[in-house]
Q: 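Got a structure for you, questions after.
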Amino acid sequence: MLKVYGNPNTRTMRVLWLLEELQVPSELQPVDLRKGEHHHPDYWRINPFGKVPCIAIESFSLAETSAICTWLADQHRERELIPAAGSRARGTHDQWLSFALTELEAPLWLVLKNTKLLPEVQRVPAIIPQALDDFARSCRIFAAHMQARPFVLGDNFQVVDIFMTSLVSWAQSLDAPGLDKGLVEYRDRMTQRPGFQRFREKYLEPAL
Ligand SMILES: N[C@@H](CCC(=O)N[C@@H](CS)C(=O)NCC(=O)O)C(=O)O
């Protein structure tokens, strides 16, 4: 059985949501970041990157959310959640995935860390305006792209839509500039998908 290390309220949600879309069974192994469990030598033996998420099947393990998600989707090509390796569509898919991580996520992560995540003494408020400007510039490019399409690649939901949806949520939580009505609607549509609803029911809703 595939094991997923992490927590649903971290980037691990992207992996758990994808697994619901792929309908691949998995077992969540919680790693409590507040207790520092990601620094434990037992965890480092599985994931020497020392962060979450990570997946493991038998002796094979993989870290980095985008590598995990593209690998899983490639393993289950019959679900058509990623274009074939080497195709032009895959090039475009990976272009937007890279843009998501380096041009949208990186500045947002800086803002998140320096407003909410780091202990107050470690925060550097002076970098926030520039990070928000960088995000806004990239977000406007993404918003313009999405004006003519229901999904990043056009007509079909793909792995990259999971990342973009998650990043729109981050941006909303920070009230970041550059978001428009179209992107908020896109996020709302993506989270109405049965795959996301299954993720929410399994991992986010309290058991009755
Ligand atoms: N580049 C990594 C980043 C992973 C990451 O930063 N995960 C956070 C949780 S969302 C984490 O493990 N933080 C613990 C730490 O940085 O010590 C990825 O995309 O998977």
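Reckoned from all heavy atoms, side chains included, excluding hydrogens, waters and symmetry mates. Remember, it's 1-based here, ligands and their atoms both numbered in the order they're listed. Keep in mind that this is a model prediction, so the values were computed, not measured.
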Q: Among all protein heavy atoms, pick out the one at the shortest distance from atom 19 (O) of ligand 1; state its residue, atom name and that distance to 0.1 Å.
A: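 Scanning the protein heavy atoms, the shortest distance from atom 19 (O) of ligand 1 goes to Thr65 OG1, 3.3 Å.
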Q: If the threshold is 4.0 Å, N to carboxylate O, is there a salt bridge linking Arg149 and Asp161?
A: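 Not counted as a salt bridge, because no side-chain N and carboxylate O are separated by less than 4.0 Å.
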Q: Which residue supplies the protein heavy atom nearest to atom 4 (C) of ligand 1, what is that atom called, and how far is it?
A: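 The closest one turns out to be Val52 O, 3.4 Å.
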Q: Walk me through whether His145 and Trp96 qualify under ring-ring contact (aromatic ring centres under 6.0 Å, His included).
A: CA-CA 10 Å; His145 175 77; Trp96 282 108; 4.2 Å; yes
Q: Any side-chain heavy-atom pair from His76 and Ile82 closer than 4.5 angstrom?
A: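 When only atoms from C-beta onward are counted, Ile82 and His76 do not touch, as no gap falls below 4.5 Å.
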Q: Please state which protein non-hydrogen atom is closest to atom 1 (N) of ligand 1 and give its distance, to 0.1 Å?
A: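 Looking only at protein heavy atoms, the one closest to atom 1 (N) of ligand 1 is Glu64 OE1, 2.8 Å.
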Q: Can you report which non-hydrogen protein atom sits closest to atom 13 (N) of ligand 1, along with the distance?
A: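 Going by distance alone, atom 13 (N) of ligand 1 is nearest to Leu33 CD1, 4.1 Å.
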Q: Have Glu27 and Gln29 got a donor and an acceptor in their side chains that come within less than 3.5 Å?
A: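 Yes, a side-chain donor-acceptor pair sits under 3.5 Å.
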Q: Taking the six-membered ring of Trp17 (Phe, Tyr or Trp), confirm whether the NZ or CZ of Arg200 is under 6.0 Å from its centre and within 45° of its axis.
A: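 No.
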Q: Among all the protein's non-hydrogen atoms, which is closest to atom 6 (O) of ligand 1, and how far away is it?
A: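 Its nearest protein heavy-atom neighbour is Arg11 NH1, 3.1 Å.
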Q: Give the residue, atom name and distance (to 0.1 Å) of the protein heavy atom nearest atom 17 (O) of ligand 1.
A: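 Among all protein heavy atoms, the one nearest atom 17 (O) of ligand 1 is His38 NE2, 3.0 Å.
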